[in-house]
Each structure stands twice: as C-alpha cells, then as structure tokens.
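For reference, the structure discussed in these notes is given below.
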Number of protein chains: 2
Amino acid sequence: MNDEATVVELNHESRLQSEDHQSIRLWLRLLTCTNMIEQRLRARLREEFATTLPRFDFMAQLDRAPDGLTMGELSQRMMVSGGNVSGIANQLSGEGLIDRSPVPDNRRTLCVTLTDKGRKRFADMAAAHERWVVEMLGNLSQVEHQLIMTHLAQLKRGVTALET
Amino acid sequence: MNDEATVVELNHESRLQSEDHQSIRLWLRLLTCTNMIEQRLRARLREEFATTLPRFDFMAQLDRAPDGLTMGELSQRMMVSGGNVSGIANQLSGEGLIDRSPVPDNRRTLCVTLTDKGRKRFADMAAAHERWVVEMLGNLSQVEHQLIMTHLAQLKRGVTALET
DNA sequence: ACAAAACATTTTATATTTAAAATGTTAATA
DNA sequence: TATTAACATTTTAAATATAAAATGTTTTGT
C-alpha cells in the first residue's frame, strides 16, 4: 500500500520519520541489525546443521565453561527463562550431547556439561558460525569494530544502570 | 559453577575470551544490548498495557502508514514470518483495533488499517514506549547517538550486501 | 531447633515463532 | 486459451518463550 514514490525501507525503521526522537531511531536500528544477522544465522544453522539458534547458544555457553554450568547460570547467560532452558536441556540430553549431574554440595543444583559427542558436534558448528559472522561483519575495519564495541559498551552500561 | 575469582558477565558475551574473533565479540555485544532493551520493553508493555512487543510493533507499523499496509508488507517490515503476522492480525482484529479490507484490484491481498479505537490505543502506548527508550538510551550524547547510528548503518549495509 | 524466607529447578498453561504445506489469485507464456 | 509460474495469505506442526505455580533444598533469624 505504498505509492511508487515512497522509499521503502523494509524493516523496523520504516516506521520512522524525521520528527521522531533520536533514541527511538537508534533503538530501531539496533533491532534491525540484530534481527538481520539473527535470521541469517538461524537459516544457516538449520540448513547446514539441522539445528536451531537456542540450541547452538546453549552448547556455546557450555563449550566456554569446561567445568559446566548450572541451569540457572545457563538461563542468565542465554537471557531466557528457566523453563526454557529446562526444555532445551531435555532435548540435548536426549540426543546425548550434554550431561546433567548432581552437585555434592547442593542438591538443588545440577551441573550441565557437554559430552564428548556434544563437544565434537559443537566444534564443527562453531567454526561455520564464526565464518558466517565474519562474512557479515568482516567488512568493518579493526578501528570501526573497536569504536562500535566501545559505544555499545556504554549503551549497555546505561541500560544496566537502570533499576529493575 | 564459576569459582569465586571469575568475573561473571551474565549474558551472551560471557562465552568469549580474548582469543576469539573480534567479529564474534561484536555480534554478541550487539545481541546482548538488543536483548536487554527488548526484555525491558516487553515487561513494561505487559505490566502497563497488557500487550506484547509484536502487537505493539504491528500497530506501530500501521500508525506510520495511514493508507494501510498489506499483510506481506507488515511481515517484511516487522521482519517476522507471514504466519506470525496472520496470528497477530487475528487477535487485533478480534479486539477491534484493526480493520482488514479487501483490495479491488487484487483479490489476493488485504489492506490492514488501524481503527479509530486502535489509533487511540496506540497513541498512549507510543508515548510511554518513547519515554522508556529515551530512559535507556538517553544517557548517550547527541554526538554519540549520531556516531552509533552511522556505524550501525554501515554494519547494516555490509550484511545487506550479501546474497540470499 | 523451628519457622520463614530464599533459592534452584521443573512443570504447567499459554502465547509466540518459524518453516513448510495448502489454498486461492494473478501473471506470463507457449 | 491452457498451462505454468509467481504471488499473497492462511493453516499446520513443531519448536521456543514466558509467567506463574509447584516441588524440593538450603539458609536465616529467632
């Protein structure tokens, strides 16, 4: 329902015009960038490894923590609810990619680790994943990378600083 | 399962260490920032307006397009699947917030518009939404805003430029 | 020691999301 | 004009997500 002359930006930012507030613009651009990258990664993971982004993320967190993580730690790091983590853990456990073992000190917690099979499986995916991300972001220079990192760090600080 | 000395960054970036590639770091920081903001907005919309982010986004796209949008246009702009848009449209239509009317030229397409009720409802939410975003991003200076916008624009170009 | 609070996780119910198949419509072309 | 391809949307099935309740464990305060 656009007339021909309209410049169509087919994403979130299309909602905006010049009078709108700068912060909203920034937020929508951030959202657009993230969504674009996320969708490409999701599609590739499905096509080439028949898996999903949440499952990849789950395994990535474990790969970075050789001593394992509790369910709660996984939930926090993945930024999703506890129930969500439980469900994904059930799947991966059923496929023999992770182990869940009790902790001596605290019978409330479970320690989740990658199995050998899981670690091998993840290694393949991680290499491809890194190639894809570099493909998407690699056109930025070292300096630009650093600048954006710094700016996003400050942005993050501002958001984190707010209560609740 | 972290020992005491470990610095715990409770988000996606915790997966990384210094040897990892810069592009991955940038991607994960982007993802973390977006998720943090998204979760806050989602919680606020639920608490104060008993609605969801996708529903807000749907209405926001329509508010910016007084002549209405087709389902496909909504899908593209919201960056979600067609089936998703159908579901949200059913809800909003059931609540009398949008209209779906056939288009004379093309019986395949539907033109979706906000009802008066929908437009009023959205106006309230949009004002609050803008306050929340400014609260989160407003600590950045004008100059920083502009810098990040520019950098993200270039990042976006790089991603868009890829085939598929 | 006991009650109450905090904690870690799972379960439940519901909503969202996606990809892919199905349906119906229009355009292209041979 | 048939036939095929492209298009717009909805439906379906499976996965993912959330909030809130339930369960069991540990800590705290009295």
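Order of the sequence lines sets the chain letters (A, B, ...), proteins ahead of strands, with each chain counted from 1.
- Taking 4.0 Å as the cut-off between side-chain N and carboxylate O, A:Glu47 and A:Arg42 do not count as a salt-bridged pair.
- A distance-only check finds a donor-acceptor pair linking the side chain of B:Glu144 to the backbone of B:Ser141 [under 3.5 Å].
- Under 4.0 angstrom from either OP1 or OP2 of D:dT16 there lies at least one side-chain N or O belonging to A:Gln91.
- Put simply, A:Asn84 has no side-chain N or O that comes within less than 4.0 Å of OP1 or OP2 on D:dT16.
- Residue contacts for A:Gly83: at a heavy-atom cut-off of 4.0 Å it reaches a base atom on one of the strands shown.
- Here the options are A:Ile98, A:Leu97, A:Leu92, the test is side-chain contact (heavy atoms from CB on, under 4.5 Å), and the partner is A:Leu114; only A:Ile98 passes.
- Distance B:Leu110 CG to D:dT9 C1': 7 Å, rounded to the nearest Å.
- Dashed line: the shortest gap from a side-chain N or O of A:Arg107 to OP1 or OP2 of D:dT26 is under 4.0 Å.
- At a threshold of 4.0 angstrom between heavy atoms, the contacts of B:Arg46 are confined to the sugar-phosphate backbone, with no base atom among them.
- One atom, CZ of A:Phe56, and another, P of D:dT16, lie 15 Å apart when rounded to the nearest Å.
- Look at CG on B:Leu53: it is 17 Å from P on C:dA15, rounded to the nearest Å.
- Residue order along DNA chain D, read from the 5' end via each residue's closest nucleotide, puts A:Gly82 first among A:Asp105 and A:Gly82.
- To the nearest angstrom, P of D:dA17 lies 9 Å from CD of A:Glu38.
- Remark: A:Thr52 is in phosphate contact with D:dT16, judged by side-chain N or O atoms under 4.0 Å from OP1 or OP2.
- The shortest heavy-atom contact between B:Gly82 and B:Ser75 is N-OG, 3.7 Å.
- Here D:dA17 presents its C1' atom at 9 Å from CD1 of A:Ile88, a figure rounded to the nearest Å.
- The residue among A:Gly87 and A:Ala43 whose nearest nucleotide of DNA chain C lies closer to the 5′ end is A:Gly87.
- Ion pairing between A:Arg55 and A:Glu95 holds under the 4.0 Å rule for side-chain N and carboxylate O.
- Atom C1' of nucleotide D:dT27 and atom CG of A:Asn106 are separated by 10 Å, given to the nearest angstrom.
- Looking at heavy-atom distances under 4.0 Å, B:Val80 makes contact with sugar-phosphate atoms alone, never a base.
- Each of B:Arg100 and A:Ser81 was assigned the nucleotide of DNA chain D with the nearest heavy atom; the assignment lying further toward the 5' end belongs to B:Arg100.
- The distance between atom CG of A:Leu45 and atom P of D:dT16, rounded to the nearest whole Å, is 12 Å.
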